[in-house]
Amino acid sequence: MRRIFSSYAYGPGPRDNCWWDETIDAPDWPCQTGDISADVTVIGGGFTGLSAALHLAEAGASVVVLEAESPGWGASGRNGGFCCLGGSKLSTKAMQRRYGAKATETYEAGEEAAVALVADLLRNHGIEADTHSQGETRLAHSPRALDKMMREAEEIAASGGVPNFQTKGQLASVGLNGAFYGALTTPVGFGLNPRKYLFGLARAAKQAGTQLFQQSPATKITATGKGHLVTTPKGTVRSSQVVIATNGYSSDDLPKWLAARYMPTQSTAMVTRPLRDEELQAQGWFSDQMAYDSRNMLHYFRLMPDRRFLFGMRGGLMASPRVEAGIRKKLRADFATLFPQWRNVEATHTWSGMVCLSRDLVPFVGEVPKHPGLFAGLCYHGNGVAMGSYAGRLLADLVQGKTPDLPYSPVLQRLRRFPFGLARRMVMPPAYALLGLMD
């Protein structure tokens with residue numbers, strides 16, 4: 001495989017001590033062996049791959065899913081569990097300038113449809129995933145961020161909406177107290193246990209007829225006269241269509257078209273021991289709202305149903321045991337700064353994983369150009385629970401030659417290369433430095 005981080009990033013080190021592993025056992029999938037055939041081969045057993053597999057199988061297709069590691073090993077089994085609006089890092093105005101008003105409107109409708117899709121999947125397949133939170137709350141980290149937030153609230157009111165805005169003085173009364181200046185809540189979204197959701201999708205896909213394989217990385221994709229041959233360490237899968245659903249854990253040569261078209265970067269999270277009522281009251285945080293701050297290099301956090309507090313942050317441009325120790329130390333320091341009453345509360349679990357960015361700051365979902373029968377969905381910018389699931393649903397339609405019956409914007413249909421190829425991470429330090437200065 002051709003990947004841009006060191007081998008440490010793709011090994012057990014960053015993932016070690018992930019809280020979600022304690023909450024549900026992984027299913028025992030077999031390894032792929034021998035020569036088999038299917039209508040569709042899905043490479044990647046995360047939200048995108050399993051959503052695509054489930055919807056394809058329900059439509060009558062025979063589907064094989066190849067997971068390179070164990071179930072839930074990648075980003076889908078170790079993320080923050082925020083099912084919310086997102087997927088793009090472009091503002092509405094920037095997207096309108098680049099793609100036009102109609103394409104932007106369709107894209108934003110898709111973000112809402114993505115959250116609704118996850119809710120439907122949970123309900124329709126009886127998946128218990130510890131859901132909570134009525135929407136998502138953004139907290140102003142500075143007076144300047146508060147001014148911007150107040151203007152947004154005024155725009156919502158001017159368009160006939162009712163903004164859910166709290167001033168700094170109101171935050172403690174609604175259980176959102178910390179080092180913040182105000183808050184604005186979006187009514188769409190909810191928190192969940194990502195591993196329980198993922199394995200619920202896997203169970204539903206298997207019941208629909210999908211063959212699921214673990215420890216079965218795709219090592220080669222070969223176009224044939226009648227489709228594609230996907231090679232694994234112990235066998236092959238022949239199919240007319242292939243879906244690439246590997247996101248931040250992709251390889252630059254599977255397929256070669258993917259080279260330099262995605263940018264993996266790390267996100268790190270921790271979970272505390274269960275907090276006592278008096279500790280919650282002391283900090284003034286007792287809301288079950290999932291939340292994040294207004295920094296470009298944001299922090300995200302939520303009080304979970306078992307009263308553990310999850311806290312995460314973006315960052316990490318290198319990968320080694322020393323760098324991992326440093327980012328975990330910074331995570332702990334930032335937690336103490338934002339929630340000073342909990343500075344001595346034990347964090348029982350801390351881990352890291354890859355999110356995936358695109359050069360145009362929007363996801364890609366579609367057929368790979370000049371590669372008939374090859375499809376991909378990736379680059380969710382840290383919002384893969386909803387957008388990854390949605391990408392899988394869209395891909396299921398596209399693979400069948402159907403026009404998706406859910407919003408499918410032209411915004412999602414281009415994936416440009418980053419400069420510098422395998423060395424493309426060199427563009428990130430100055431970008432992160434600029435974002436940090438802006439914060």
Side-chain angles (χ1 to χ4, degrees), residues 40-57 59 61 63-68 74-76 79 83 86-89 106-107 110-111 113-115 117-118 121 194 197-198 201-202 205 210 218 221 228 230 239 241-252 254-255 257-259 261-264 354-369 371-416:
V40 185
T41 303
V42 176
I43 301 174
F47 296 134
T48 302
L50 289 178
S51 174
L54 170 60
H55 290 102
L56 282 164
V63 186
V64 165
V65 172
L66 300 175
E67 168 55 48
S76 296
N79 68 87
C83 181
S88 166
K89 284 299 180 184
T106 302
Y107 173 80
E111 284 197 353
V115 175
L117 173 68
V118 176
L121 289 168
Y197 168 51
L198 182 70
L201 283 181
T210 299
I221 303 172
H228 296 83
V230 179
S239 60
Q241 318 272 27
V242 174
V243 172
I244 307 296
T246 44
N247 203 35
Y249 293 87
S250 295
S251 174
D252 268 22
L254 287 169
W257 169 85
L258 200 55
R261 295 183 190 272
Y262 64 99
M263 181 74 76
M354 294 289 190
V355 300
C356 191
L357 319 178
S358 75
R359 183 175 179 179
D360 291 314
L361 302 179
V362 294
F364 175 81
V365 183
E367 188 168 22
V368 174
H371 290 73
L374 193 60
F375 298 80
L378 70 163
C379 298
Y380 310 126
H381 301 90
N383 287 283
V385 176
M387 189 52 68
S389 302
Y390 192 67
R393 169 66 168 79
L394 294 176
L395 288 167
D397 283 341
L398 295 171
V399 165
Q400 297 174 80
K402 299 178 181 178
T403 300
D405 58 358
L406 294 174
Y408 179 48
S409 173
V411 170
L412 301 173
Q413 298 172 42
R414 183 174 74 164
L415 191 62
R416 292 192 301 155

Q: Evaluate side-chain hydrogen bond (donor to acceptor under 3.5 Å, both in side chains) for Ser389 paired with Tyr197, printing each intermediate quantity in order.
A: CA-CA 11 Å; Ser389 302; Tyr197 168 51; 2.8 Å; yes
Q.
Under the criterion side-chain contact (heavy atoms from CB on, under 4.5 Å), I'd like the reasoning laid out for Ile43 against Leu254: C-alpha separation, chi angles, the key distance, then a yes or no.
A. CA-CA 10 Å; Ile43 301 174; Leu254 287 169; over 6 Å; no
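- In this structure, Phe375 has its ring center at least 6.0 angstrom away from the ring center of Trp257.
- Two residues are said to be in side-chain contact when any heavy atoms from C-beta on lie closer than 4.5 Å; Tyr408 and Leu398 meet this criterion.
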Q.
Set out, in order, the CA-CA distance, both residues' side-chain angles and the distance that settles salt bridge (Lys or Arg N to Asp or Glu O under 4.0 Å) for Asp405 and Arg393, then state yes or no.
A. CA-CA 10 Å; Asp405 58 358; Arg393 169 66 168 79; 2.6 Å; yes
(Q) Between His228 and Gln241, does the side-chain contact (heavy atoms from CB on, under 4.5 Å) criterion hold? Intermediate values first, please. (A) CA-CA 7 Å; His228 296 83; Gln241 318 272 27; 5.8 Å; no
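- Closest heavy-atom contact between Leu56 and Ala396: CD2-O, 3.5 Å.
- Scanning both residues, Gly45 and Leu198, for their nearest heavy atoms gives O-CD1, 3.8 Å.
- Ring centroids of Phe47 and Tyr380 are separated by 6.0 Å or more, keeping the two rings apart.
- None of Leu357, Leu412, Leu415 except one satisfies the side chain to side chain contact (heavy atoms under 4.5 Å, CB included) rule with Cys379; the exception is Leu415.
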Q. Taking it one step at a time, do Val63 and His55 satisfy side-chain contact (heavy atoms from CB on, under 4.5 Å)?
A. CA-CA 10 Å; Val63 186; His55 290 102; over 6 Å; no
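- Contact record, Pro194 with Asn79: CB-ND2, 3.4 Å, taken as the closest heavy-atom pair.
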